[in-house]
Structures are given as structure tokens and as C-alpha cells.
Amino acid sequence: MKKKLLLINPWIYDFTAYDLWSKPLGLLYLASFLRKYGFSVQYIDCLEKEDNAPASRKYGSGPYRREIIEKPEILNHVPRHYARYGISENAFLEQLLQHKQAGAVLVTSIMTYWYPGVQRVVELVREHLPGVPVILGGIYASLLPQHAQKTVKPDYLITGPGEIKALRLLSELTGFKNDSIPLPLSLDDYPYPAFDLIKNPEYLIIMTERGCPYDCSFCAQKKIAMPYTRREPAKVVQEFKDRYKSFRLRDFAFYDDALFIAKEKHIQPILEELIRSYLPLRLHSPNGLFAKHVDKELAQLMYKSNFKTIRISFETSNEARRKDMYSKVSNDDMIRAVGYLTEAGYRPKDLEAYVLMGLPGQDLSEVIASIVFVHSLGVRVSLASFSPIHGTREFDKAVQAGLISADIDPLLTNKSIFPLSGPHFSYESFRKIRTFTQTLNEAALRGLSLFTDTLIGADVRRIVGQIASE
Ligand code: B12
Ligand code: SF4
């Protein structure tokens, strides 16, 4: 009985959320790992699709079920609806009540500003499964352990990579131990994430390494992941083959932080082997890719291996800020990468680039200049709103500049609202920038760059001037 574990992926509470190949990969790794050591694992996914959900959009990505709820008081000033994304509370309770025999409940956490969903799950577990120990882990728990202890009140909280720590804790709690299987010595000794727990999966996630050797000022990976470690390319390819065989799914999203690092030893052999395997896969990288590593050879391999979703981290065209952020890309890198990718067979409109918006001290003209630069290459712009993450240099800078307090409620760091807290962005300019970007992206999709045609260009420049002078 004690060996029975219940794993839960909580709801998202936010102004907006979209399933962009989002799965709780950490929890699924934990599930397969604990199974390997003899535990039996049950799963509740608050973000699972309901049976009557609308069909997914492109390559399995799509919207979640959304229920508008009351805003936490601290967000009352935000003139937007706040929602719980995922299954209804009743549907959750129906599932929860089937697990009264669980020996422990393991709850994951992702974005720090999604903690209300985690809190609610734990409240309901306490109410309906009294006495069952609750273990919390994941990204929020790792970045803000004290906040999580106080707010979510788990019995146990584990920070960082959780497999071995959870196994040790569960062995202590349940008295169940399986010493016959040695602990993993490398990443390839970990079993594949337990995707069989996902109801009707439409895509799969793959992670070919953990961590990242870089240290960008806005990023928290060093506080969450293990030191940068790669898997063997042959083992990664085997995972693709095995997964395709078991699930018959074509879409795979990479969750790597730094997929193109050491490309000759890593991603290139992986893609070469995938091409040789003739598997009908479609590859996606919702995480930003490094432009500077894209050369002729890699671009061709990407094209031949059917790499469909290519999002390049561009961040900003402002040189001084790039240096400050320890950014990995320059305008020239970007131009070169787009050149190689188009030579390989992509159209510029097949590519997207992340532009960061709302960094402390960043004004509208810098964002617009970055958007315009990306668009001038014919590439679509993906606007990423800045969200200061506790424990990063960018967070500390914002505290020192008096923009936020060190103990800011994570809810106020939400990417949908944080850029609005500074002097440079208003709701109106935020909305206009989004519309402006959408317009440019629509033009890019038609193969037009509005900044190369002098007539349309003049109009656009006037609008840009208007937005920037607000
Ligand atoms: C993949 C990814 C995404 C994916 C989807 C993620 C998802 N699951 O939904 C995409 C591309 C969509 C995405 C988007 C964004 N992301 Co993101 N993303 C990541 C990334 C690179 C990997 C997460 C991951 O799955 N790792 C792999 C697994 C194996 O690791 P893990 O989750 O940490 O799990 C381990 C442990 O945490 C632990 N564990 C996990 N659960 C549990 C449970 C228990 C009980 C226990 C004991 C242990 C445990 O054990 C696991 C195995 O070792 C992280 C960076 C990172 N290195 O973690 C950023 C990260 C999570 N993202 C981040 C950000 C900022 C964003 C964006 C806001 C960016 C933007 N401005 O648009 C968006 C917004 C998303 C939204 N809807 O609001 C931040 C988090 C910020 C925060 N405030 O919390 C991170 C940390 C990156 C950063 N910049 O520092 N992201
Ligand atoms: S932003 Fe990307 S490259 Fe920079 S430290 Fe984070 S994971 Fe590494």
C-alpha cells in the first residue's frame, strides 16, 4: 500500500496560458524513476485535455480549458480576467478520491507565479486525503523554497533535480527500499519520462542534456538544473525510435536549455542519425536556439531532419544591453543564421525569433528597433515579456534600481504584467506593440517585409514613431 504514490501536475492560475508543447517533464521523469525502483505510480494531470476539448492547433499545441476566477487581491489593479487553466475542481476531486490509499502525494511546480494552483492542489489533498504526506518539488519549489514552505505548506520540500532525493525520502517514509538496482551514473541511466501517464498525448518531449554552461542575467537555470551534462547522441536517437514505436506520434519538442552547444558532438550526430532512420518525425524547439551556432552544415541537417519549429533567441538589438545580459547573439549572427537556414530550404517566414520586452530600463524604441530588425530579415517575431526571476542578476538589478522589492510577491512578476510596472510601458503601448508585431508577422507570412517597400515603409515608420513617443 505504502508503495502507491500519487503524482500531481497542478493547475495554472494566470491571465493567459497556452499549451505550447507544455508538459511537466520533471514530474514524468520522477514517475518513471520511482517506478524503476519498485514504487507504483498514479497520476492526476490538472492540465489534461477534457474528452470534448476542441481539436488541437498546429502540431499538437493548443489552448487549455479556461475558467475565469476571482483575482488574488494583489492583482486587483490589473484590468484583465484571471483564470484557472485545466480541468474543473470537481473533475479533480473525482480523481483525487480514487487515491485514498496513496502512501505519499508528490506535487510538481513550474512557474513561480503559478503558485496559487499548487497551493489549491495541496489544500484539496489535505482536506480529502488527510494524513497522507505531501512532497513538493519543481521549479517554483527550487527557486523560492521559503515562500513555498510558508504558502503551500508541504510536509517535505525538495529542491533541484528530484529523482534521487525523492527516492531516498520515500524509502525513509515508506520503509520500502530496492537496493538491487544501482543509482544512475549518467543521464542515460535514467528511464524515459513516463508519457504513458498522459491521457491521449499528441506530442512528446525530449531532453538531450540538462543544465546550461552559460549564465545569462535573466535566467534561473543554474538554480534549478544540474551542472551542464549531455546524453550520448546514440541513446537520444534510440529514445526517438523507441518512443515513435510505442506512441506513433510524430511531433517531438526539445526542452533543452542549450541544444546547439558542442554541436559537432551532439545535435549534429543526433540529426544525422534521425535522417538515416527515415522516421517521419517533426521536430520543434519552443525554447530559444542559439543563432551563432547555426552554420551551413547544421542548417542543412535541420532541414533534412524536418525541424519544423525554429525559435531563435534574439532578445534585443541593443549592443550594450546584450553585453550586460551575457547574451549569445549579435545582429550579424542572426543575419548569418537566417542566411544558412534559407539556403538549406527554409523560407524566412518559417523561422521565428524571440524579442524580449520589458527589461528593466528598456524603453519602447529599443523593443521596436529589435522587432523591426527581425522583421527586416523576413522572420516572424515572437514577443517574450520579461519576468524577473528570484535569484537572477536581473532580479537583483531591479531590486537595486528600486523597481521591485526583494520580497515581491511572485504574482507580481508574472510576464503578462511585470513590464507594465515600469515607466516605459502602458497597457495601451503594450497592446499596440503586440498589434504592430502581429501586423508585421502577417506581412512576413505573405513573404513581405514592410521595411523594404518604401511606400508601406513610410506608414509603418509613422506608426512606430507614434508608439515610441508615448
Ligand atoms: C521547457 C521550458 C519551457 C517550455 C514549457 C515548460 C512547461 N513545462 O510548461 C516553454 C518553452 C513553453 C516555456 C515558456 C516559458 N518559460 Co520556461 N522553461 C523551460 C525550461 C527550459 C525547462 C523546464 C523543464 O521541463 N526542465 C526539465 C525537467 C527535467 O526539469 P525540472 O522541471 O526542473 O524537474 C526536475 C526538478 O525540478 C524536480 N522536480 C520537478 N517536479 C518535482 C516534483 C517533486 C515532488 C519532486 C520531489 C521533485 C520535482 O525533479 C525533476 C527531475 O530532475 C526551464 C529552464 C530550466 N532549465 O528548468 C524554463 C523556465 C521554467 N521558464 C521560464 C520562463 C521565464 C518562461 C517564460 C515566462 C518565458 C517568457 N518570457 O515568455 C515562458 C512562459 C510560460 C508561460 N506560459 O507563462 C523560467 C521560470 C520563471 C519563473 N518565474 O518561474 C525558467 C526557469 C527559465 C529561466 N528563464 O530561468 N518554458
Ligand atoms: S538563457 Fe539560455 S543560454 Fe542563457 S543561461 Fe539560461 S538556458 Fe543558458
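Note: hydrogens, waters and symmetry copies are ignored here, and every other heavy atom, side chains too, is used. Ligands are counted one by one from 1 in listed order, and the atoms in each one are counted from 1 as well.
- Contact analysis puts Arg210 in contact with ligand 1, with a non-hydrogen atom separation below 4.0 angstrom.
- In this structure, atom 86 (C) of ligand 1 has a protein heavy-atom contact shorter than 4.0 Å.
- Of all protein heavy atoms, the one closest to atom 15 (C) of ligand 1 is Met111 CE, 3.8 Å.
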From CA spacing to verdict: side chain to side chain contact (heavy atoms under 4.5 Å, CB included), Leu249, Arg243: CA-CA 8 Å; Leu249 288 171; Arg243 304 304 252 175; over 6 Å; no
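- Centroid-to-centroid, the aromatic rings of Tyr59 and Tyr203 stay 6.0 Å apart or farther.
- With respect to the salt-bridge test (charged N to carboxylate O, under 4.0 angstrom), the residues Lys49 and Asp19 do not qualify.
- For ligand 2, the atoms lying closer than 4.0 Å to a non-hydrogen atom of Cys212 are 3 (S), 5 (S), 7 (S), 8 (Fe).
- Checked against a 6.0 Å centroid threshold, the rings of Tyr113 and Phe418 do not count as neighbours.
- Among the backbone and side-chain atoms of Cys219, none of the N, O or S atoms lies under 2.8 Å from atom 4 (Fe) of ligand 2.
- Using a 4.0 Å cut-off between heavy atoms, Tyr113 contacts ligand 1 through its side chain alone, with no backbone atom that close.
- The heavy atom nearest to atom 39 (N) of ligand 1, considering only Gly138, Pro193, Ala104, is found in Gly138.
- By the 4.0 Å heavy-atom criterion, Ser385 is counted among the residues contacting ligand 1.
- Residue Ile135 approaches ligand 1 through these ligand atoms, each under 4.0 Å from one of its heavy atoms: 45 (C).
- A cation-pi arrangement is found for Arg434 relative to Phe430, the charged atom lying closer than 6.0 Å to the ring centre and inside a 45° cone about the ring normal.
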Go through it in stages, so that I can follow the logic: the residues are Leu281 and Asn306, the test is side chain to side chain contact (heavy atoms under 4.5 Å, CB included), and I'd like the CA-CA distance, side-chain angles, deciding distance and then a yes or no. CA-CA 7 Å; Leu281 306 181; Asn306 211 17; 6.0 Å; no
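- With a heavy-atom cut-off of 4.0 Å, Thr108 touches ligand 1 through backbone and side chain alike.
- Residue nearest to atom 43 (C) of ligand 1, selected from Leu106, Val107, Thr159: Val107 (by heavy-atom distance).
- For the pair Arg120 and Phe92, the cation does not sit on the ring face, since its NZ or CZ is not both under 6.0 Å from the ring centre and inside 45° of the axis.
- From the protein, the heavy atom lying nearest to atom 10 (C) of ligand 1 is Asn287 OD1, 4.5 Å.
- Here Phe218 and Phe386 keep their ring centres 6.0 angstrom or further from each other.
- For Leu30, no nitrogen or oxygen atom sits less than 3.5 Å from a nitrogen or oxygen atom of ligand 1, counting backbone and side chain alike.
- Contact check on Arg126 versus Glu123 returns no salt bridge, with no Lys/Arg side-chain nitrogen under 4.0 Å from an Asp/Glu carboxylate oxygen.
- Looking only at protein heavy atoms, the nearest one to atom 4 (Fe) of ligand 2 is Cys216 SG, 2.4 Å.
- The ring of Tyr82 has its center closer than 6.0 angstrom to the ring center of Phe15.
- Looking at atom 55 (C) of ligand 1, its nearest protein heavy atom turns out to be Asp257 OD1, 3.6 Å.
- Across the listed options Tyr255, Trp21, Tyr190, Tyr255 owns the non-hydrogen atom lying nearest to atom 22 (C) of ligand 1.
- Under a 4.0 Å criterion applied to the non-hydrogen atoms of Gln221, ligand 2 contributes the atoms 5 (S), 6 (Fe), 7 (S).
- Residue contact check: Ile139 has heavy atoms under 4.0 Å from atoms 23 (C), 32 (O), 33 (O), 58 (O), 61 (C) of ligand 1.
- Within the 4.0 Å heavy-atom criterion, the part of Ile224 lying near ligand 1 is the side chain and not the backbone.
- Ranking protein heavy atoms by distance to atom 31 (P) of ligand 1, first place goes to Gly26 CA, 4.0 Å.
- Numbered from 1 in the order shown, with element, the atoms of ligand 1 that lie under 4.0 Å from a heavy atom of Lys23 read 8 (N).
- Trp114 counts as a contact of ligand 1, since one of its heavy atoms falls under 4.0 Å from the ligand.
- Closest to atom 27 (C) of ligand 1 among all protein heavy atoms lies Met207 SD, 3.4 Å.
- For the atom pair CH2 (Trp21) and CG (Leu204), the distance works out to 13.0 Å, reported to the nearest 0.5 Å.
- Each of the atoms 5 (S) of ligand 2 lies under 4.0 Å from some heavy atom of Asp215.
- In terms of N/O distances under 3.5 Å, ligand 1 is not approached by Asp14.
- Within a 4.0 Å radius of atom 48 (C) of ligand 1, the protein has at least one heavy atom.
- Checked for salt-bridge contact, Asp396 and Arg393 miss the test: no charged N lies under 4.0 Å from a carboxylate O.
- When only interatomic distances are considered, the shortest N/O to N/O separation between Phe386 and ligand 1 does not fall below 3.5 Å.
- Protein heavy atom closest to atom 72 (O) of ligand 1, with residue, atom name and distance, is Lys415 CD, 3.7 Å.
- Residue Gly211 places every heavy atom at 4.0 Å or more from ligand 1.
- The distance from ligand 1 to the heavy atoms of Gln221 drops below 4.0 Å at these ligand atoms: 57 (N), 90 (O).
- Ranking protein heavy atoms by distance to atom 89 (N) of ligand 1, first place goes to Ile389 CD1, 3.5 Å.
- The distance from ligand 2 to the heavy atoms of Tyr214 drops below 4.0 Å at these ligand atoms: 3 (S), 5 (S), 8 (Fe).
- For ligand 1, the polar-atom distance check finds an N/O of Ser22 within less than 3.5 Å of one of the ligand's N/O atoms.
- Not one N or O of Tyr354 is nearer than 3.5 Å to an N or O of ligand 1, by distance alone.
- The distance from ligand 2 to the heavy atoms of Phe290 drops below 4.0 Å at these ligand atoms: 3 (S).
- Heavy-atom contacts of Glu163 reach the following atoms of ligand 1: 52 (C), 53 (O) (cutoff under 4.0 Å).
- Counting protein heavy atoms only, atom 50 (O) of ligand 1 is closest to Gly162 N, 2.9 Å.
- Proximity of atom 13 (C) of ligand 1 to the protein is not indicated, since no non-hydrogen protein atom lies closer than 4.0 angstrom.
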